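Take a look at the structure set out below.
Everything quoted here is computed from the prediction, not taken from an experiment. Protein chains get the first letters and strands the later ones, always in sequence-line order, with residue 1 at the start of each.
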Amino acid sequence: MSSKAEILSRIRRHTLEPSPLPALDGEWIAFADRQAQFTQVVTGVGGQVRVRDPRQSLSELLLALPCMENAAQVVCTLPDVRLGNASLDDFPTPQSLAAVDVAILPGEFAVAENGAVWVTDRGLRHRAIYFITQHLVLVVPRGEIIDQMHQAYDRLRFDRPGYGLFISGPSKTADIEQSLVIGAHGPRSLTVVLE
Amino acid sequence: MATIDLPVIHAKAADAFTKNDARAHWHDQALWFIRVKRDRLVHALPEWETLRERASAIKQHMISRLADYLEQFEREATRHGAIVHWAADAAEHNQIMLGILQRHQVKRVAKSKSMLTEECHLNPFLERHGIEVVDTDLGEWIVQLRGETPSHIVLPAIHIKKEEVGELFHEKLGTRAGATDPNYLAGAARDRLRDVFLDCQAGITGVNFAIAETGGFVVCTNEGNADLGASLPKVHIACMGLEKLIPRAADLGVFLRLLGRSATGQPITAYSSHFHGPMPGGELHIILVDNGRSQILGSEDYRRSLHCIRCGACMNTCPVYRRSGGHSYGATVPGPIGSILNPARDPGKYSTLPYACSLCASCTDVCPVKINLHEQLLTWRRDIAARGYLSWSKRVAMKWGSYVLNRPKLYAMAGRVGRTTLRWLPRFLVYGPWNAWGKQRDLPPPPKRSFRDEFRRRKTR
Ligand code: SF4
C-alpha cells in the first residue's frame, strides 16, 4: 500500500461525528478613521506612513524619502512614475538583485487593524525583490484601506498559481534577549505611501 | 541517536535549570513579558472570544473530515503545479527530502523555522548524507551553532543570554570580543546568512496553514527568512503535519488574526506569505507528514490537541515552563501542548510530562483555538497510571494516600500528627530529600485546628 493510501485509511478508520463548518460573518471590528488606525499600527511595528499631499507629485514625495538619500540602485515598478535607475527585467536572476538599495512597488490594499499591505508577484519578474532590497516602499491607493482581515479574504481569489503576501512593517527579530532589532534578513525599513 | 529512548524525567532536568536561580528568574520574566504583550492586544479586540470559538469550530470540522480535505488539497495543489508527497512517519519524510535534494544535486539548503523538521531530526540526517543545512531563523541559527535544539517553538533561543550570543558569534563569525549589542550581533548574522541565501540550491520551509479549497499554503515569519529561502533558489520544499489544513482561504481571516497576537503580541507577523504553485521556472514540493497524528485523531480524549496552531502562548503563560525551561521537557514541542503530544507518541519516554503542571489552567485560557489543555493533562495522568508508567515513588505515595483517605479516623489522626509535629520538627527533617514538594518552596505554617474542627466550632456558635 502506498503511504498515501495507508495514511488515508488510518484516518478513515476512525469515523468521527460530523461537525458543522461555521460561517465567517460577524460583528468584526470597524474603525471610524481607518487611515489613522493604519498609520498608528504601521508606526508601532517600526514602519513609516506618508500621505501624498495633492499639490505634490508622487515622484517628488518618493525622491524626498530618507531611504532615497545615497541610494545607488533603485528599482521602481509603478507604471506612471519615472523613477529608479534599473528595471526588474534587467536582472537575469533573483540573486543579481542583491545590490538593490530601494524598491518601490505597488500595494493592492491595506488593512487598518494590523497595518498590513497586500502585495503579489503579478507582473513581477522576481518575487525576491520584496525581501532582498535594503529598503522597501509600497504605494497604496488611499481609498483602499479596509478594516480587518475578513474583508481582505472577501476580496482575495486564489484560483490561479501565484504568490501573494501581507507585509506589516520592516523585517525584524527579537531572538536575542527579546530586544527588537529592525532589519533582520529582509528590508531595513518599510515606508507605506498612501496615494 | 542512542539517547532517543531514555525516559525524560522532567523534575530532574528542571533541577539543572533552576540551580541558577537568577537565570531561571530572568527566563521567567522574559516569557511573562510576552504574555503581557499578548494580553494588551487581546484585550483591545472586542471579538477575541468569538474568534477563538470560530477557530475551534473550524478545526473541529476539519479534523472530522480530514481525509477528504487532504485529498482535495492534493488535487488543488497539483493543479497549481506543486508536487505533493505523503510521509507516514519521520523516516519517510527524511527519505523523501533527501531524494528531492539529491535529484537537484543540492549541497547547501536554507531552512526556515519548521518544528516538523525538528520532530523528524532532519538536520543530522541530511548532514550524514553530505548536505549542509542552515537554519536561517536567527534564534534557530543560534541554537544550531551551539549544537543545541530550540527550547521554545516560537522563540528558539529564549534561554540564551546576549553575552552568550556575543561569545558564540565572536568564535564562529569573528565579531568583536565582548560585544553584546543585539543590533550589532543580529547585523553580523544578517551579513553571513545573506551569503547563504545567495548561495544555496534549495529552500525548506514549514507551513502555518494549508488551504484545502485552493491547494495553497501560508508561511508566517517576522525576519523574512522563509521568503528569501523560497524565492532565491529554484527548489522550494514545504513540510507540514496533516493537521495544518484548513478548509477555506477565508478561514485565514480568523487564524491570522489569532496567531500573531497569541504568539508574540503582534497584530500580525511582518510577513504572511501565500504560496500557490511554484514560482515561474521553479519547483515546489509539499510533504504531508503523519508521524503519529492519525493515531491521536483516533483518541476521543486527545483529538483536540490536533487543533494546535503552534503559537506558543501556552508556554509563555505556563508557570512550570517559565521556571523550568524548554529543554527540561526533552522534546521538540515543550510546555503544556508538548506534555500532551509527546506522551501520545511515546508514553514510556514522556510519562513524567503531564505531571509538570500545576493544573492552574492558564494554558486553556490563552489557547487561541480553545484546546482544553489542562483537562487533557489531567486525563493523561490517569492514563499513565492505568498503563503502568507511573514511577515507583508516585505509586507508593498514591497507594498510601488512597489508603489514608479511605479511612476517616486514620485521616483525622494523620492530620493531628502532622499539625503538631510540623511545628517543632527541625527544618532538615521536614525538607529532606524525601520531600520533593518542598524542594523549591516552603510548606505553609500548619493551622491550629483541622478544617473539620473549625467547621464544627462555627456551626455550634
Ligand atoms: S496548544 Fe494552543 S496555546 Fe499552545 S501552542 Fe497550540 S495553539 Fe498555541
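- Remark: side-chain polar atoms of A:His185 are not paired, donor with acceptor, to backbone N or O of B:Asp227 under 3.5 angstrom.
- Both the backbone and the side chain of B:Ile58 come within contact range of chain A, judged by heavy atoms closer than 4.5 Å.
- For chain B, no part of A:Ala174 is nearby; none of its heavy atoms comes within less than 4.5 Å.
- Contacts of B:Trp141 with chain A are absent, with no heavy-atom separation under 4.5 Å from either backbone or side chain.
- Side-chain rings of A:Phe166 and B:Tyr271 stay apart, their centers remaining 6.0 Å or farther from each other.
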Item checked: Pair A:Ile176-A:Val181, side-chain contact (heavy atoms from CB on, under 4.5 Å): steps then yes or no -> CA-CA 9 Å; A:Ile176 302 177; A:Val181 176; over 6 Å; no

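- Heavy-atom pairs under 4.5 Å with chain B were tallied for A:Arg10, A:Glu27, A:Glu6; the largest tally goes to A:Arg10.
- In this structure, the portions of B:Leu198 lying under 4.5 Å from any heavy atom of chain A include both its backbone and its side chain.
- Top candidate by heavy-atom pairs under 4.5 Å with chain B, chosen from A:Gln178, A:Glu17, A:His150, is A:His150.
- Within the 4.5 angstrom heavy-atom criterion, atoms from both the backbone and the side chain of B:Arg54 approach chain A.
- Chain A forms more heavy-atom pairs under 4.5 Å with one residue of B:Glu53, B:Glu74, B:Glu300 than with any other, namely B:Glu74.
- Looking at B:Ile211, neither its backbone nor its side chain comes within 4.5 Å of chain A, counting heavy atoms on both sides.
- In this structure, chain B has heavy atoms under 4.5 Å from both the backbone and the side chain of A:Gln95.
- The aromatic ring centroids of A:Phe131 and B:Phe197 lie 6.0 Å or more from each other.
- Under a cut-off of 6.0 angstrom, the local environment of CZ in B:Arg194 is crowded, with over 12 non-hydrogen atoms contributed by other residues, nucleotides or ligands.
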Next item on the list: Report the C-alpha distance between A:Ile182 and A:Arg188 in whole Å, list the side-chain angles of each, state the deciding distance to 0.1 Å, and finish with yes or no for side-chain contact (heavy atoms from CB on, under 4.5 Å).
Entry: CA-CA 6 Å; A:Ile182 302 278; A:Arg188 299 175 192 272; 5.6 Å; no

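- Checked against the 6.0 Å centroid threshold, A:Phe91 and A:His126 do not count as a close aromatic pair.
- Contact count against chain A (heavy-atom pairs under 4.5 Å) is highest for B:Ala88 among B:Ala88, B:Ala189, B:Gly277, B:Gly224.
- In this structure, the side chains of B:Thr50 and A:Trp28 come closer than 4.5 Å at one or more pairs of heavy atoms.
- B:Glu243 contributes no side-chain N or O that, together with a main-chain N or O of B:Arg293, makes up a donor-acceptor pair within less than 3.5 Å.
- Heavy-atom distances place the backbone of A:Asp159, and not its side chain, under 4.5 Å from chain B.
- Judged by the 6.0 Å distance and 45° axis criteria, B:Arg65 is positioned over the aromatic ring of B:Tyr69.
- If you measure heavy-atom distances from B:Asp89 to chain A, you find no contacts under 4.5 Å at all.
- Looking at A:Pro170, the atoms closer than 4.5 Å to chain B (heavy atoms on both sides) all sit in the backbone: N, CA, C or O.
- For chain A, the nearby part of B:Pro247 is the side chain; its heavy atoms alone come within less than 4.5 Å.
- Heavy atoms of B:Asp68 lying under 4.5 Å from chain A belong to its backbone as well as its side chain.
- The line from CG of B:Leu138 to OG1 of A:Thr173 is 4.5 Å long, rounded to the nearest 0.5 Å.
- Both the backbone and the side chain of B:Leu297 come within contact range of chain A, judged by heavy atoms closer than 4.5 Å.
- No part of B:Leu41 comes within reach of chain A, as not one of its non-hydrogen atoms sits under 4.5 angstrom from that chain.
- Identified under the ring-ring contact (aromatic ring centres under 6.0 Å, His included) test for residues 49-78 of chain A, with sequence neighbours left out: none.
- For A:Pro22, the parts sitting under 4.5 Å from any heavy atom of chain B are the backbone and the side chain alike.
- When heavy atoms are compared at a cutoff of 4.5 Å, B:Glu92 approaches chain A solely by way of its side chain, counted from C-beta outward.
- Within the 4.5 angstrom heavy-atom criterion, only backbone atoms of B:Thr269 (N, CA, C, O) approach chain A.
- Counting heavy atoms from C-beta on, the side chains of B:Gln266 and A:Val45 never come closer than 4.5 Å.
- Of the listed residues (B:Asn183, B:Leu155, B:Leu45), the greatest number of heavy-atom pairs within a distance under 4.5 Å of chain A belongs to B:Asn183.
- At a 4.5 Å heavy-atom cutoff, the contact between B:Ala87 and chain A is made by backbone atoms alone.
- Of the listed residues A:Glu113, A:Gln148, A:Arg125, the one with more heavy-atom pairs under 4.5 angstrom with chain B than any other is A:Glu113.
- Proximity to chain A (any heavy atom under 4.5 Å) is restricted, for B:Leu256, to the side chain, taken from C-beta onward.
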Notebook entry, point to check: Could you walk me through whether B:Ile246 and B:Val254 pass the side-chain contact (heavy atoms from CB on, under 4.5 Å) check?
Noted result: CA-CA 11 Å; B:Ile246 54 174; B:Val254 173; over 6 Å; no

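- The line from CD of A:Glu195 to CD of A:Glu144 is 12.0 Å long, rounded to the nearest 0.5 Å.
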